[in-house]
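For reference, the structure is listed below as structure tokens.
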Amino acid sequence: MFTIKESSMGLKEHYNKMYRESIADIASDHYEIDDMIDSKSDNRFGISLVIRPSLEVKKNVRDFLDELNKVEPHQYYYPESDIHLTLLSIISCYEGFSLDSIDPSEYMAIAQKRITTLDEKIKIHFKGLTASKSCIMLKGYEEQPIINDLRNQLRRDFKHSELQQSLDERYLLKTAHATILRFKTELSNKNAFLTLVDRYADYDFGTFEVDTIELVYTDWYHREKLVKKLHEFKL
């Protein structure tokens, strides 16, 4: 059985603080609507290392999102194919970036060299929800603190290279969250929506062992039809 260890308690408090503050913002109509989701002119792309949850976890998430969709049918719900955990955003999505401007094999080589040094299995437990002003997210925890160590090592590796990168320009990624819903219009049944979110605030969506890390060229929302897989690193 997966339990949240003492080493993860700081992360748990971080998630819970985000949740409390963001739900209060949403309840008082201070949430942010993403007006780019349906835009045909959105040309923001980048390169990331990502982890995909197991089919079982994605099914549990889908069941929850189906319930939310009945209450708020006009928001943006991530399909199962697009749900992911970002290990590292190497080049954060920006307008006009394309693969033609880099050599993907150089990024593969740096990631490969570091990922092959892993000697422990990564296990991730998605338990409960957190939020921001613009989205609802799964709270992810590790059985052992491997991901952030790997992130920090990869950050150093890429920063010591001469490759194009924008590491940590948006924010320093420290969590193992996964975004599952974005607001794309005004909430029409806000109270019912928040009641349902609160019901799942500590729900166990499942645990999975990571067997693959992907290097991908991706749009802002990680939509399957736009994502190009550059390499798979098997663990």
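Quantities reported herein were computed from a predicted structural model and do not represent experimental measurements.
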Sequence-distant partners of Ser98, side-chain contact (heavy atoms from CB on, under 4.5 Å), two or more places apart = Asp100, Tyr217
Ion pair check, Asp29 and Lys190, cut-off under 4.0 Å = yes
Heavy-atom side-chain contact between Ile124 and Ile147 under 4.5 Å | yes
Close side-chain approach of Ile122 and Glu209, heavy atoms under 4.5 Å = no
Any side-chain donor near an acceptor of the partner, Tyr107 and Gln165, under 3.5 Å = no
Is the closest side-chain heavy-atom distance between Leu49 and Phe233 below 4.5 Å?
-> yes
Cut-off 3.5 Å, side chains only: do Tyr78 and Arg182 have a donor facing an acceptor?
-> yes
Relative to the ring of Tyr141, is the ring of Tyr15 parallel (under 30°), tilted (30 to 60°) or perpendicular (over 60°)?
-> perpendicular
Carboxylate-amine/guanidinium contact Lys17 Glu13, below 4.0 Å | no
Could you check if a side-chain atom of Leu150 sits within less than 4.5 angstrom of a side-chain atom of Thr117, using non-hydrogen atoms only?
-> no
Lys/Arg-Asp/Glu bridge criterion (N-O < 4.0 Å) met for Lys234, Glu232 = yes
What distance separates His30 NE2 from Asp25 CG, expressed to the nearest 0.5 Å?
-> 7.5 Å
Side chains of Tyr19 and Lys139 in contact at under 4.5 Å (non-hydrogen atoms) | no
So does Lys70 pair up with Asp66, basic N to acidic O under 4.0 Å?
-> no
Test Asp34 against Tyr221 for side chain to side chain donor-acceptor pair (under 3.5 Å), laying out the working first.
-> CA-CA 11 Å; Asp34 188 336; Tyr221 308 101; 2.9 Å; yes
Set of residues satisfying salt bridge (charged side-chain N to carboxylate O under 4.0 Å, His left out) with respect to Asp35, sequence neighbours excluded | none
With side chains defined as the heavy atoms from C-beta onward, is the minimum distance between Arg44 and Asp219 less than 4.5 Å?
-> no
Residue pair Phe193 / Leu68, side-chain heavy-atom distance below 4.5 Å = yes
Arg114 and Asp157 ion-paired at < 4.0 Å = yes
Closest non-hydrogen atoms of Val216 and Arg52, given as atom of the first, atom of the second and distance, are CG1-NH2, 4.4 Å
When the aromatic ring centroids of Phe45 and Phe97 are compared, is their separation below 6.0 Å?
-> no
